[in-house]
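Notes follow the structure.
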Amino acid sequence: MIIKKRLATGALGLLTALACGLISPPAAMADEPAPDSPKVELVLDVSGSMRARDVDGDSRMAAAKQAFNEVLDATPEEVRLGIRTLGANYPGKDRKAGCLDSERLYPVGQVDRTEAKAAVATLRPTGWTPIGLALRGASKDLSGGDGTRRIVLITDGEDSCGLPDPCDVARELAAQGTHLVVDTLGLTLDRKVREQLSCIAEATGGTYTAIQHRDQLSSRIKQLVRRSADTPVQTPTPVRGAAECAKAPYLGSGLYSDRESFGEHRWYRMRVAPGQELRASASVAVDRTVDPDYGVLLRAVTPGGRELVRGSEAGSGRTDVISSGLRYPIADVDDDEDRTARTVCLELSQSFSAPASVKRTPGLPVEFAVDVVGNDDPPADLAAFGLGRGWVLLGVLTVGGLLVGLLWGWLARWRVTVWRSN
């Protein structure tokens, strides 16, 4: 009997242990990254030109390896880091084979510094420079999760494959609406390299940096990795504006993204109740070469077509982004009056143009920030009482002109009278 009880007790304990094991998450699951962890992938050019010894008397490859080791030691725990190479494996002259040479060296995840450094130590300058292919691969490596995503591209040359074009790939990645940023670091001052790397960075809202010294390379990569951890995530909601107000989508308060072709007009709608104020701003990013003169116009219009208020901005020369905004308050009403929210149409138009050689698709990136806030205080800006509405402006100009005319006539007669008297 005692033996049976012991067996029963042991069986019960075993079942309990098994149940706890099933219910409790294993240690590996506890270490899994959170869905919103920031992700960074370092994309390193390992092509043959990285043998050049012009970085503080050492080769470009040696400088990159040292910088990577220092970055791995300084990577914050919350950042999920990966490494991808291009041109690291194929030493031959077959262009087709060389332009497929990009691989994931270290998977994106929590960094095992020993393992990652060992992988970097094996790299030897070898082949071609398929930058466009590597950017697409890096985007796939960083997929999933809701955190910030950043690619840091380190190269000493422009793409040697042609297809896919790196600038086109960068625009594709930006058009996907995943808020992926590509920062580029050039290990040479060559003009063509600078133009291509600047184009890649501008298309995604990233930065381009020319590197000449070993310490500068390490410092800049560390800065970009830390920036991924420090940047709050606010991914704009994709929206597509309409060609007219009647078909425009309704927007709530928030951040939105769209694409607009050269010279295009896009319409959106908001609902604003009496006692509220509409605030809207729009930014158009310049991710490709454009002509030097440009402008952006944001208007608030009634569904019937009467302009309420507008904001505009113009520029000349090179720019990365141009913005405009507006505010439109609606006065509060008495309790017995209609408090129904009114529809306000927002029209965004821009006057960018570009040389014939520049691709028109996808359109220029547009980002909207719209909000509706309480309007407790009497509006202080002139637009609130109608200077932007047409009829009030006409009345002010008419009365002002009449008064100026009367004053000028009186002064003229007074001067004639004085002259005759003298």
Side-chain angles (χ1 to χ4, degrees), residues 165 167-168 170-175 177 195 198-206 208 236-249 251 255-270 278-328 343-371 381-383 387-390 393:
D165 181 85
C167 287
D168 290 342
R171 296 187 189 109
E172 290 172 8
L173 300 180
E195 290 177 354
S198 296
C199 173
I200 294 170
E202 290 169 3
T204 61
Y208 162 72
T237 302
V239 66
R240 183 171 180 79
E244 55 183 296
C245 176
K247 300 179 180 179
L251 306 181
L255 190 64
Y256 299 89
S257 63
D258 199 356
R259 288 269 171 173
E260 191 169 289
S261 299
F262 290 102
E264 189 177 8
H265 295 240
R266 286 282 178 93
W267 290 85
Y268 313 85
R269 288 186 284 184
M270 293 283 294
L278 169 64
R279 299 179 181 180
S281 65
S283 300
V284 180
V286 184
D287 62 354
R288 65 204 75 177
T289 302
V290 297
D291 293 330
D293 298 311
Y294 46 82
V296 61
L297 172 66
L298 182 62
R299 297 198 306 152
V301 183
T302 66
R306 179 169 63 89
E307 182 176 293
L308 302 172
V309 67
R310 64 168 55 194
S312 62
E313 186 62 50
S316 178
R318 186 186 181 281
T319 186
D320 294 326
V321 67
I322 183 170
S323 305
S324 181
L326 58 82
R327 296 173 63 178
Y328 176 66
T343 294
V344 177
C345 303
L346 293 174
E347 180 194 25
L348 175 65
S349 56
Q350 39 79 21
S351 59
F352 281 101
S353 60
S357 58
V358 175
K359 292 189 176 182
R360 265 54 181 173
T361 56
L364 296 173
V366 174
E367 195 165 281
F368 262 110
V370 291
D371 198 7
D381 58 329
L382 297 176
L387 284 184
R389 303 180 186 176
L393 180 61

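- The distance from the CG atom of Leu364 to the OG atom of Ser283 is 12.5 Å, given to the nearest 0.5 Å.
- With rounding to the nearest 0.5 Å, the separation of CD in Glu195 from OH in Tyr208 is 10.0 Å.
- Of the possible polar contacts, one joining the Asp258 side chain to the Gly241 backbone as a donor-acceptor pair under 3.5 Å is found.
- Put simply, the side chain of Leu255 reaches to within 4.5 Å of the side chain of Glu367, judged on heavy atoms.
- Closest of all the heavy-atom pairs between Pro249 and Ala242 is CD-N, 4.1 Å.
- Separating the CG atom in Leu298 from the CG atom in Leu348 is a distance of 6.0 Å, to the nearest 0.5 Å.
- Between Ser324 and Ser312 the shortest heavy-atom distance is OG-N, 3.0 Å.
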- request: Begin with the C-alpha distance, continue with both residues' side-chain angles, and end with the deciding distance and a verdict on side-chain contact (heavy atoms from CB on, under 4.5 Å) for Arg269 and Cys245.
  value: CA-CA 7 Å; Arg269 288 186 284 184; Cys245 176; 4.0 Å; yes

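- Between Tyr294 and Phe352, the ring planes lie parallel to each other; the angle is under 30°, not in the 30° to 60° tilted range.
- Of all heavy-atom pairs spanning Pro303 and Thr343, the tightest one is CD-O, 3.4 Å.
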message: Applying side-chain contact (heavy atoms from CB on, under 4.5 Å) to Val301 and Val344, what does each step give before you reach the verdict?
response: CA-CA 6 Å; Val301 183; Val344 177; over 6 Å; no

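- Side-chain contact between Arg171 and Cys199 is present, with heavy atoms from C-beta onward closer than 4.5 Å.
- Nearest heavy atom pair, residue Glu313 against residue Ser323, reads CB-O, 3.3 Å.
- One distance of note links CZ of Arg327 with OG of Ser281; it measures 12.0 Å at 0.5 Å rounding.
- When atom types are taken as modelled, the side chain of Asp291 and the backbone of Asp293 share no donor-acceptor pair closer than 3.5 angstrom.
- Arg360 CZ: more than 12 foreign heavy atoms inside a 6.0 Å radius.
- Not a single donor-acceptor pair under 3.5 Å links the side chain of Thr237 to the backbone N or O of Tyr256.
- Considering CD of Glu172 and CG of Asp165, their distance stands at 9.5 Å, rounded to 0.5 Å.
- Put simply, the side chain of Leu251 reaches to within 4.5 Å of the side chain of Val239, judged on heavy atoms.
- Partner of Glu347 under the side chain to side chain donor-acceptor pair (under 3.5 Å) criterion, chosen from Arg266, His265, Arg310: His265.
- Side-chain N or O atoms of Gln350 include one that pairs as donor or acceptor with a backbone N or O of Ser261 at under 3.5 Å.
- Within the 4.5 Å cutoff, side-chain heavy atoms of Leu308 are placed close to those of Thr302.
- Taking the side chain as every heavy atom from C-beta outward, Val370 and Leu346 approach each other to under 4.5 Å.
- For the atom pair CD1 (Ile200) and CG (Asp168), the distance works out to 10.5 Å, reported to the nearest 0.5 Å.
- The shortest non-hydrogen separation linking Arg299 to Trp267 is NH2-CH2, 4.0 Å.
- In terms of modelled atom types and a separation under 3.5 Å, the side chain of Thr204 and the main chain of Ala201 share a donor-acceptor contact.
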